[in-house]
Amino acid sequence: MIDDVLIQWSPETLRAVLADDLEQAELMVVSNREPYAHEWVNDRVELQMPASGLVSALDPVMRAFAGTWIAYGGGSADREAVDSSDCLGVPPHDPHYRLRRVWLTKQQHDGHYSGLSNEGLWPLCHIAFARPTFRASDWDAYREVNRRFAAVVAEEAETANPVVLVQDYHFSLLPGMIRDLMPAATILTFWHIPWPNAEQFGVCPWHKQILDGLLGSSIVGFHTGLHCSNFLDCVDRFVECRIDRQAGTIHREGHTTSVNAYPISIPWPAQAEHLSRSTARELVGRRYDIPDRIKLIAGVERLDYTKGIIERLRAVETLLESRPEWIGRIVMAQVASPSRSNLPAYQRLRRECTELVDCINARYGRGAYRPVLWLERHHSRAAVDELLAAADICVVSSLHDGMNLVAKEFVAARHEDEGVLILSPFTGASQELVDALLVNPYDTVDMAEAMHRALTMPPEEQAERMRSMREVVRSNNVYRWAGRMLLDAVQARRRNGHASNGQAQNGTSVWGS
Ligand code: ADQ
């Protein structure tokens, strides 16, 4: 048995540790979001990588192992870039793996992605006090799209027993459907968002079908032990089966599903490792016209109501109100990538944010100075890294978040051990990054005070906190996340003896539960 703690996880060790087992296995990833999209921009085709935690985490893993990634082809120029089998090698300039694009009709995409996934399951799983909407027509589209992806997995698979990594809440029915088509497949499903408690989950009209679908997996992974425990509670409440809580296994009709926590992370060393704080600050200062003497506070996210953007803007407002000495001396640079902008809840959020930004800037702006810089667009990886490297403070104020990779990206960008992370305790990341300033985003006064504390924190304290957080992210990097899951998948596959009947004999994880 391999002790993952003793390994310095990198793409090389990931490949080396799994080489023998995965060389014989076919690796497939299924997600809604594609890792590379082709978009028409002014009569030119442009390649884009979406602002998505899932893609940020899985692309380096797929680059380490060749395989096939199956995803919805949502880019406006996606059809221009594929071969006759709807495939292309990616990254296009240096192909390491295959991307198979799946086309959906507008009606399928609206019902599956916008409807059931983002108006139903997303608010259902996040405690952000947004009421989920469940429409029967969305459920029909959701099932149809899951069925379509199951057919594509079977079509793309070259062997009867591939290792299939199913990603996220868009595909809760897929594991069961793949299991029906390919009984010998090893299916590892990773749920990137929180899993709610049984009361909350039970309000979904299709809660039983969703659990049934997920239990087709060999392994179901979450970010935290709490989400695993909520999931086991739901299965216990709604499904007839035998649960071994200690081992984290569910036994049903001769099939075993293991439930494990795999906290996701980012590549290490970070891509921004070469960037010094002063160079980054100079670049960012020049780009946005922010003089050097001004302290820079950064926020980076998709424009989503779970991320607590309104709450953090209110905290900036409160800080400037209660401590006017900061007027003219701080800028909050908020990067907000447009997300799900066809949905009313997201349109409302956008309106509220921009109104609040205008209001703060009108009240506390002086001459050319504006305390909030609202950057509402997708940024390149390099631009995000630059901002994180340049900032004095990063605020992650999610109301609820499975993990939150931005918190880890900020820590990774601080190779000079300075800077302060303000972090919501309602993120998975807060369980690992305990040396951040942990603040409840609903407590505006406390968050404003945390900003003041961060702005005035002595360099020695910053360094001490940052060093310990950097050590956590260095050792728990994304290669370890993938390595742990794949080692468990390999073990489950071995237990099956690559069996054609696909019945796992014993789902105990090498990692425990
Ligand atoms: P997300 O909700 O998308 O992920 P997060 O984990 O913060 O949230 O990842 C977002 C990624 O997109 C980060 O890599 C970030 O740098 C990038 N990004 C954000 N805004 C951007 C912008 N404007 N331009 C460019 N890039 C931007 C979901 C869950 C999380 C979980 C991840 C991974 O909601 O809880 O951490 O999946 O499992």
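Just follow the structure's listing: the first ligand is 1, and inside any ligand the first atom is 1. These figures come from a predicted structure and were not determined experimentally.
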CD1 (Ile70) and CE (Met28) are apart, to the nearest 0.5 Å, by 4.0 Å
Step through it carefully: locate the ring centre of Tyr36, locate the ring centre of His38, and say whether they are under 6.0 Å apart. no
Please tell me whether Trp139 and Phe134 form a close aromatic pair, meaning their ring centres lie under 6.0 Å apart. no
Output yes when Arg63 and Asp59 qualify as a salt bridge under the 4.0 Å nitrogen-oxygen rule, no when they do not. yes
Is there a nitrogen or oxygen of Gly402 sitting under 3.5 Å from a nitrogen or oxygen of ligand 1? yes
Report the part of Val406 in contact with ligand 1, treating N, CA, C, O as backbone and CB onward as side chain, heavy atoms under 4.0 Å; options are side chain, backbone, both, neither. both
Close-contact set for ligand 1 against Val335 heavy atoms, below 4.0 Å: 22 (C), 23 (N)
Taking distance alone, with no angle check, do His126 and ligand 1 share an N/O pair under 3.5 Å? no
For atom 19 (C) of ligand 1, which candidate among Val300, Leu388, Thr427 provides the closest heavy atom? Val300
Quick look: His379 vs ligand 1, heavy-atom contacts under 4.0 Å, and the answer is both
Go through ligand 1 atom by atom and flag the ones less than 4.0 Å from a non-hydrogen atom of Glu409. 13 (C), 14 (O), 15 (C), 16 (O)
Is there a polar contact, in the sense of an N or O pair closer than 3.5 Å, between Leu405 and ligand 1? yes
Any N or O of Ser380 closer than 3.5 Å to N or O of ligand 1: no
Do the numbers put Arg143 on top of the ring of Trp206, so that NZ or CZ is under 6.0 Å from the six-membered ring centre and no more than 45° off the axis? no
Within the 4.0 Å heavy-atom shell around Glu301, which atoms of ligand 1 are there? 19 (C), 20 (N)
Ligand 1 atoms in contact with Arg377 (distance to a heavy atom under 4.0 Å): 23 (N)
How about Phe129 and His400: are their ring centres within less than 6.0 Å of each other? no
What atoms of ligand 1 come closer than 4.0 angstrom to any heavy atom of Arg302? 1 (P), 2 (O), 3 (O), 20 (N)
Assign the ring pair Phe171 / His112 to parallel, tilted or perpendicular, where the plane angle (0 to 90°) is split at 30° and 60°. tilted
Note: Glu119-Arg135 ion pair, threshold 4.0 Å (strictly below): yes
Any salt bridge between Arg277 and Asp417, counting N to O under 4.0 Å? no
I want to know whether Phe190 and His223 have ring centres closer than 6.0 Å. yes
Considering only heavy atoms of His223, which atoms of ligand 1 have at least one such atom less than 4.0 Å away? 31 (C), 38 (O)
Of the choices Arg381, His192, Glu376, which has the non-hydrogen atom that lies closest to atom 31 (C) of ligand 1? His192
If I apply the N/O under 3.5 Å rule, does Trp122 come out as touching ligand 1? no
Looking at ligand 1, does any of its N/O atoms fall within less than 3.5 Å of an N/O of Val384? no
